[in-house]
Number of protein chains: 2
Amino acid sequence: MKPARAKVTREKVLAAALALVEENGVQGLSMRKLAAAVGVEAMSLYNHVPNKDAVIDGIAELVIRGMVLPEPTGDWKNDLRGLADAFRTAATRYPHAAGLVLTRQLGSDASLAGTDAALSVLRGAGFGAEEAVHALRAVLAFLVGTVLREVESGPAFDGDDPEAVAHRRAELVASPFPALAESAPFLASCDHDREYEFGLELLLTALETRRTQSSQRG
Amino acid sequence: MKPARAKVTREKVLAAALALVEENGVQGLSMRKLAAAVGVEAMSLYNHVPNKDAVIDGIAELVIRGMVLPEPTGDWKNDLRGLADAFRTAATRYPHAAGLVLTRQLGSDASLAGTDAALSVLRGAGFGAEEAVHALRAVLAFLVGTVLREVESGPAFDGDDPEAVAHRRAELVASPFPALAESAPFLASCDHDREYEFGLELLLTALETRRTQSSQRG
DNA sequence: ACCTGAACACCGTTCAAGT
DNA sequence: ACCTGAACACCGTTCAAGT
C-alpha cells in the first residue's frame with residue numbers, strides 16, 4: 001500500500017505557489033521548488049499549468065478572490081470606503097504576493113465583481129455611466145499606489161524599527177533640502193493606515209463636491 | 001594596436017542595462033547579456049557593480065534622474081501639477097523600466113530633490129510641515145498607480161487596437177454584472193492622459209478645500 | 001586594478017519513454 | 001491521463017589565475 005498521495009490539481013498547485021511566495025518572496029518561487037512542495041517532479045506541473053507565468057497569474061487571482069465584498073448600506077461614501085478597505089485587506093493579507101496583484105492587469109472574474117460593486121455604488125450616488133468609470137479609476141490608482149508602498153516598505157519605514165527611523169530623520173535634517181529638513185519628523189516613517197485614510201477621504205470629498213455640483217446642474 | 005576599447009565604467013554598465021531593459025523587457029536583462037552589451041565577459045561586471053540587484057537599483061535611479069523639475073510659478077496648484085507631469089513624463093519615457101521605479105522604495109538623491117520641490121510648493125501654499133507630507137503621499141500614491149496602469153496596459157486597453165476594444169466591450173455588455181454592462185463603452189478602453197488629469201484635479205481640488213478651511217481656522 | 005575561464009548550484013521547458 | 005529522467009539552453013555568482 002502506497003501512502004495514497006492526494007491527486008495533484010491546478011488548485012493545489014496554485015495554493016502551494018502562493019504559500020511558497022509568502023514564505024520566500026516572489027524570487028523564491030521556482031517550478032522545481034513548487035513541484036517539490038506538491039510532492040512531484042518539476043515536469044509534472046506542466047500537466048496542470050501551461051507555464052510559470054500562468055502560475056503567477058493564478059496566484060494573483062487567488063489573492064483577489066480573497067476580497068470579501070461588503071453589503072451596500074445606501075451611504076455611497078461608506079460603501080466605497082468599504083470596498084476600498086476590502087481590497088486593501090485582501091492585498092495586505094499576502095504581503096509578498098500583493099505586488100503581483102497590484103502590478104498585473106486585473107482581468108479575472110473576481111476583480112470584475114469588485115469593479116461592478118464599485119460602479120454600482122457610484123451610479124446609485126448619481127454619477128453617470130462614464131463619470132463613474134473615471135471616479136473608480138482615480139480611487140483604484142490611489143489604492144494601488146498606497147498598498148504597493150505599504151507592502152513594499154520595510155520596518156525602517158513602517159516605524160517598527162525606531163533606530164532606523166531616527167537615523168533616517170537625522171539624514172533628512174542634515175540634507176541640503178530645506179523643505180525636507182522641516183518635514184523630516186513626518187517623512188522619516190510612515191503610518192500606512194493614516195496615509196490610506198487621508199488620501200481616500202481626500203478623494204471621496206472631492207467626488208462628493210463633483211456629485212452635488214452635477215446634480216444641481218441637472 | 002588594439003581597437004582601443006573604451007574603459008568600462010559603472011555609468012556605462014547602467015546605461016547599457018537601461019537600454020537592454022527597454023529593448024527586451026525586464027525579463028530580458030541578464031548579467032551575461034549585459035556584459036556582452038558592454039563588450040566584456042559576465043564576470044567583469046562585478047568589478048563595477050556588486051550584483052544584479054544593484055544594477056536594477058541603478059536603472060531606477062537613472063530613470064528618476066531624468067525628471068526635469070519645473071521652475072515654481074507661485075501658483076501652488078500649477079506648480080504641483082508641473083511636478084506631477086515631470087514625474088509621469090520621466091517614468092513613461094522608459095515604459096519597460098518604469099515598473100522598476102514605481103515598485104521600489106525611492107531613496108536616491110534624485111528623488112529627494114523632487115520630494116523637496118513638492119513639499120516646498122505645499123508649504124508655500126500654507127500647508128503645515130506634517131500636512132504637506134500627507135498631501136504629497138496621497139498625490140504620489142495616485143501618481144504611482146496611474147503611471148503603473150499606463151505602462152503596463154497593452155494596446156488592447158490603450159485603445160490602440162480597436163478590434164480588441166470592441167471585443168472587450170461586447171464581453172462586458174454580456175457579463176452578468178449590470179453596472180459593468182452599463183459602463184462598458186467607457187470601461188473597454190482607457191485614455192491615460194484623461195484619467196491622469198481627472199484624478200489629479202480631484203486631488204488638487206480636495207487639497208485646495210482643506211487649505212482654505214485650515215487658514216480660516218488659523 | 002581590471003579581466004577571464006572554469007566551475008557550482010541553480011533555472012524554465014521539451015521530449016521521449018514509461019505506467 | 002499523468003508522471004518521469006535526461007537533456008537543452010540558459011541563469012547569478014565565486015574563485016583562482018592571469019595581465
Side-chain angles (χ1 to χ4, degrees), chain A residues 1-62 96-97 99-101 103-105, chain B residues 1-62 96-97 99-101 103-105:
Chain A
M1 285 242 288
K2 298 197 202 144
R5 267 187 322 200
K7 236 182 42 174
V8 178
T9 65
R10 192 187 111 97
E11 305 307 315
K12 280 183 202 160
V13 169
L14 296 182
L18 176 53
L20 218 54
V21 166
E22 278 313 308
E23 228 176 305
N24 311 318
V26 190
Q27 295 278 19
L29 174 70
S30 82
M31 295 300 273
R32 286 163 140 108
K33 283 187 212 152
L34 179 53
V38 284
V40 95
E41 295 299 317
M43 315 74 202
S44 307
L45 294 178
Y46 291 87
N47 287 310
H48 305 96
V49 128
N51 52 38
K52 189 181 179 180
D53 226 59
V55 173
I56 295 178
D57 278 338
I59 294 175
E61 206 188 313
L62 219 53
H96 283 137
L100 300 176
V101 185
T103 280
R104 322 214 129 206
Q105 210 74 350
Chain B
M1 287 237 293
K2 297 195 203 145
R5 269 187 319 201
K7 239 181 43 181
V8 178
T9 64
R10 193 187 110 99
E11 305 307 315
K12 280 182 201 160
V13 169
L14 296 182
L18 176 53
L20 218 55
V21 166
E22 278 313 307
E23 230 175 304
N24 312 320
V26 189
Q27 295 279 19
L29 176 69
S30 81
M31 294 301 270
R32 285 161 140 110
K33 283 188 213 153
L34 178 53
V38 286
V40 95
E41 294 300 316
M43 316 76 202
S44 306
L45 294 178
Y46 291 87
N47 287 311
H48 305 98
V49 131
N51 52 38
K52 188 181 181 181
D53 226 58
V55 173
I56 295 178
D57 277 339
I59 293 175
E61 207 189 312
L62 220 52
H96 283 136
L100 301 176
V101 184
T103 281
R104 322 212 129 207
Q105 209 78 345

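Every chain is numbered from 1 and lettered A, B, ... according to where its sequence line falls, protein lines coming before strand lines. Below, each value reflects all heavy atoms present in this structure, side chains not excepted, and no hydrogens, waters or symmetry copies. Predicted model only: the values in this text are computed from it and were never measured.
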Response to the item:
DNA chain C in dot-bracket form (Watson-Crick or G-U pairs under 3.5 Å, [ ] crossing, | inter-strand) is ||.|||||...|||||.||
Worksheet item: When you measure from the side chain of B:Glu22 to the backbone N and O of B:His96, does any donor-acceptor pair fall under 3.5 Å?
Response: yes
Discussion item. Evaluate B:Lys52 against B:Leu34 for side chain to side chain contact (heavy atoms under 4.5 Å, CB included), listing each step before the verdict.
Written reply: CA-CA 10 Å; B:Lys52 188 181 181 181; B:Leu34 178 53; over 6 Å; no
Worksheet entry | Presence of B:His48 side-chain N/O under 4.0 Å of C:dA1 phosphate oxygens OP1/OP2 | no
Worksheet item: Taking OP1 and OP2 of D:dC2, is either one under 4.0 Å from a side-chain nitrogen or oxygen of A:Ser44?
Response: no
Length of the [atom1]-[atom2] vector between [X] and [N], whole Å:
X: B:Asn47; N: C:dC2; atom1: CG; atom2: C1'; value: 5 Å
X: A:Asn24; N: C:dC10; atom1: CG; atom2: P; value: 13 Å
X: A:Glu41; N: D:dC2; atom1: CD; atom2: P; value: 18 Å

Indicate yes or no: at least one non-hydrogen side-chain atom of [X] is less than 4.5 angstrom from one of [Y].
X: A:Leu14; Y: A:Arg10; result: yes
X: B:Ile56; Y: B:Val21; result: no
X: A:Ile59; Y: A:Leu29; result: yes
X: B:Thr9; Y: B:His48; result: no

Response to the item:
All heavy atoms of B:Ala42 vs all of B:Arg32, minimum pair found to be CB-CG, 3.8 Å
Worksheet item: Where do A:Ala37 and A:Ala16 come nearest, in terms of heavy atoms and distance?
Response: CB-CB, 4.4 Å
Response to the item:
Per-nt protein contacts along nucleotides 12-19 of chain C (heavy atom under 4.0 Å; B base, S backbone sugar-phosphate only, - none) come out as BBB-----
Worksheet item: Given the P atoms of D:dA9 and C:dA9, what is the spacing between them in whole Å?
Response: 22 Å
